[in-house]
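Accompanying notes for the structure given below.
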Amino acid sequence: MGGSTGPAVPTVPTVPKYRYPAQFGGGEEELLARIGDLLLRGGYVLGEEVAEFEQRLAGYLGSAHTVGVNSGTDALILALDALGVGPGDEVVTVANSFHATAQAIARRGATPVYVDCREDDFLMDLDRLPGAFTERTRAVILVHMFGKAADVPRARRLARDAGVLLVEDCAQAIGARSHGVRVGTASAAGCWSFAPSKNLAAAGDAGAVSVQDDELAERLRLLRHFGQPQQNRHEILGYNSRLDTLQALVLLHKLDRLDAWNARRAEVAATYRRRLAGLPLRFQEPGEDGEHVYHLFQVRTRTEDERDGLLAHLTASGVDAVVRYPTPLPHQPALAGPAARRHPCPVAEELSRQTLCLPVRPDLDAREIGQVCDAVAGYFASRTSSGSVG
Ligand SMILES: Cc1ncc(COP(=O)(O)O)c(C=O)c1O
């Protein structure tokens with residue numbers, strides 16, 4: 001690498017993938033006043049604002065209950081625990097997800113089994129799902145990857161016919177709809193992350209589980225709080241996984257703005273598709289209106305070499321592009337094992353080698369979109385002129 005004469009890589013990208021201060025959308029004074037009040041008054045753990053947020057979130061989603069927890073990872077672990085998933089069980093999920101989906105399964109002592117994804121929408125290939133069920137399968141975790149809703153009614157039918165529970169990993173897809181219904185509301189449990197990168201972002205770690213069943217909600221409330229219905233009485237083995245009151249305040253502030261932000265993300269995505277049409281790229285299929293909330297905007301190149309070259313070119317151009325995810329779950333050392341190799345996942349492998357994400361934020365402006373599109377087009381123009389591509 002020494003002696004390279006290429007352009008210096010900007011140390012701070014000029015088109016960042018996150019811009020946290022822009023995530024408040026005005027009205028910060030009121031939020032800061034509420035935070036100041038909380039700091040001086042106490043009630044930091046399971047304060048009344050947590051219940052307020054849980055109710056508002058349930059109303060937004062259309063679920064009977066939501067239970068605030070410490071993170072999206074904990075949402076998955078607690079949901080599986082509350083549903084009775086544990087050692088000896090198999091849980092089927094998709095090979096291209098964030099590692100937490102499968103780590104939660106393994107943390108419960110159950111075995112993750114992977115299904116490949118589809119070429120068009122990059123989501124779990126539901127045609128292959130029944131083939132992954134065995135007599136040990138207890139649950140399926142359907143993941144709405146990159147913000148695109150998977151086909152929940154179909155997954156539900158397949159799970160029900162096999163006597164298997166359906167759980168949704170909704171971490172990347174708040175607000176997305178499957179057949180007109182918000183994800184996370186038509187299964188045994190929807191698991192949410194409000195980590196700072198997410199479409200609805202806390203100022204730190206936060207998560208929730210949405211459920212329709214009253215008893216399940218009660219069990220989740222017990223689990224998140226040491227299994228303790230009252231002080232000094234521990235009925236079941238629980239966790240310390242409460243949603244902080246401070247995070248509930250931040251989330252309450254942002255929830256009303258979420259649909260407008262998601263609509264803006266969809267506009268940015270539509271602009272990318274239009275302006276990048278004609279280049280040798282493929283995109284994740286968007287589905288019907290409202291199915292995709294564009295947590296991430298994926299582009300797919302023809303080869304790994306092309307993807308790596310595009311990534312390097314974008315980085316050198318100040319565009320904060322990133323690969324999500326470079327290693328399919330069955331290849332992660334912590335998650336590998338005989339069950340991980342049971343079903344081949346060639347599409348997930350190709351996606352891990354051929355995709356990258358362009359920045360998508362509600363506040364991405366015309367200059368930034370132009371800079372991204374020019375950089376992408378510039379990369380392919382330079383390859384054509386240098387004869388790299390036939
Ligand atoms: C698909 C998916 N599942 C689970 C998680 C875990 O959420 P958290 O980081 O809040 O633990 C994330 C995000 O980070 C995610 O993207």
Side-chain angles (χ1 to χ4, degrees), residues 15-38 47-63 66 68-69 71-72 75 144 146-149 170-177 180-185 190-208 210 243-272 286 289-297 320 357-369:
V15 188
K17 55 181 176 300
Y18 311 124
R19 188 176 278 147
Y20 295 121
Q23 289 185 353
F24 290 93
E28 291 86 345
E29 305 73 27
E30 193 196 326
L31 171 61
L32 291 174
R34 286 192 83 179
I35 290 175
D37 174 59
L38 172 72
E48 62 194 33
E49 291 83 356
V50 172
E52 187 186 339
F53 172 66
E54 289 173 336
Q55 269 176 17
R56 290 260 308 277
L57 180 64
Y60 173 84
L61 296 173
S63 67
T66 72
V69 296
S71 69
H144 306 293
F146 315 125
K148 166 80 167 63
C170 307
Q172 300 190 359
I174 190 156
R177 295 175 191 270
V181 176
R182 296 252 198 232
V183 298
T185 60
C191 303
W192 305 90
S193 165
F194 309 117
S197 66
K198 298 298 189 288
N199 290 27
L200 179 65
D205 282 317
S210 51
L243 176 66
D244 287 335
T245 311
L246 195 144
Q247 301 302 353
L249 280 175
V250 174
L251 294 166
L252 275 167
H253 175 83
K254 293 182 174 183
L255 186 58
D256 287 340
R257 295 157 167 89
L258 177 64
D259 282 344
W261 285 339
N262 281 344
R264 178 63 194 138
R265 285 174 180 271
E267 278 171 26
V268 172
T271 307
Y272 277 151
D289 254 10
E291 272 184 24
H292 205 322
V293 292
Y294 293 97
H295 173 58
L296 296 168
F297 186 85
D320 197 3
C357 306
L358 301 179
V360 57
R361 316 184 310 262
D363 63 306
L364 204 71
D365 63 27
R367 177 197 62 77
E368 291 176 300
I369 294 173

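- His144 places no side-chain N or O within donor-acceptor distance of the main-chain N or O of Val183, the cut-off being under 3.5 Å.
- Atom CG in Leu364 sits 5.0 Å away from atom CD1 in Ile369 (nearest 0.5 Å).
- Between the side chain of Ser210 and the backbone N or O of Gly184 there is at least one donor-acceptor pair closer than 3.5 Å.
- Judged by distance alone, with hydrogens and angles left aside, the side-chain atoms of Asp320 form no donor-acceptor pair with the main-chain N or O of Pro16 at under 3.5 Å.
- Within the 4.5 Å cutoff, no side-chain heavy atoms of Cys357 are placed close to those of Lys17.
- Rounding to the nearest 0.5 Å gives a distance of 5.0 Å between CD1 of Ile174 and CG of Leu200.
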field: Step-by-step side chain to side chain contact (heavy atoms under 4.5 Å, CB included) determination, Trp261 to Asn199
entry: CA-CA 8 Å; Trp261 285 339; Asn199 290 27; over 6 Å; no
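- The line from CZ of Phe194 to CG of Leu57 is 5.0 Å long, rounded to the nearest 0.5 Å.
- The closest side-chain heavy-atom distance from His295 to Phe146 is not below 4.5 Å.
- Classification of Arg56 and Glu49 as a salt-bridged pair fails, no side-chain N sitting under 4.0 Å from a carboxylate O.
- The pair Arg34-Glu52 meets the salt-bridge criterion, with a side-chain N (NZ, NE, NH1 or NH2) lying under 4.0 Å from an Asp/Glu carboxylate O.
- When atom types are taken as modelled, the side chain of Arg257 and the backbone of His253 share a donor-acceptor pair closer than 3.5 angstrom.
- Nearest approach of Ala22 to Asp363, heavy atoms of both residues: CB-OD2, 3.5 Å.
- Under 4.0 Å is where a charged nitrogen must lie from a carboxylate oxygen, and between Arg177 and Glu291 no such pair does.
- Asp259 and Arg182 are joined by a salt bridge, as a carboxylate oxygen and a charged side-chain nitrogen come within less than 4.0 angstrom of each other.
- Of all heavy-atom pairs between Leu243 and Ala206, the closest is CD1-CB, 3.4 Å.
- Taking the centre of each ring, Phe297 and Tyr272 come in below the 6.0 Å mark.
- Looking at Asn262, its side chain never comes within 3.5 Å of a backbone N or O of Ala176 through a donor-acceptor pair.
- Note that CH2 of Trp192 is 8.5 Å distant from OG of Ser63, once rounded to the nearest 0.5 Å.
- Side chains of Lys254 and Gln23: a donor-acceptor N/O pair is present below 3.5 angstrom, by distance only.
- Using modelled atom types, no side-chain atom of Ser193 and backbone atom of Ala171 make a donor-acceptor pair closer than 3.5 Å.
- From Leu258, atom CG reaches atom CG of Asp256 across 9.5 Å, with rounding to the nearest 0.5 Å.
- Side-chain atoms of Arg265 do not come within 3.5 Å of backbone N or O of Pro362 as any donor-acceptor pair.
- The distance from the CZ atom of Phe53 to the CG atom of Leu252 is 6.5 Å, given to the nearest 0.5 Å.
- In terms of modelled atom types and a separation under 3.5 Å, the side chain of Asp365 and the main chain of Glu368 share a donor-acceptor contact.
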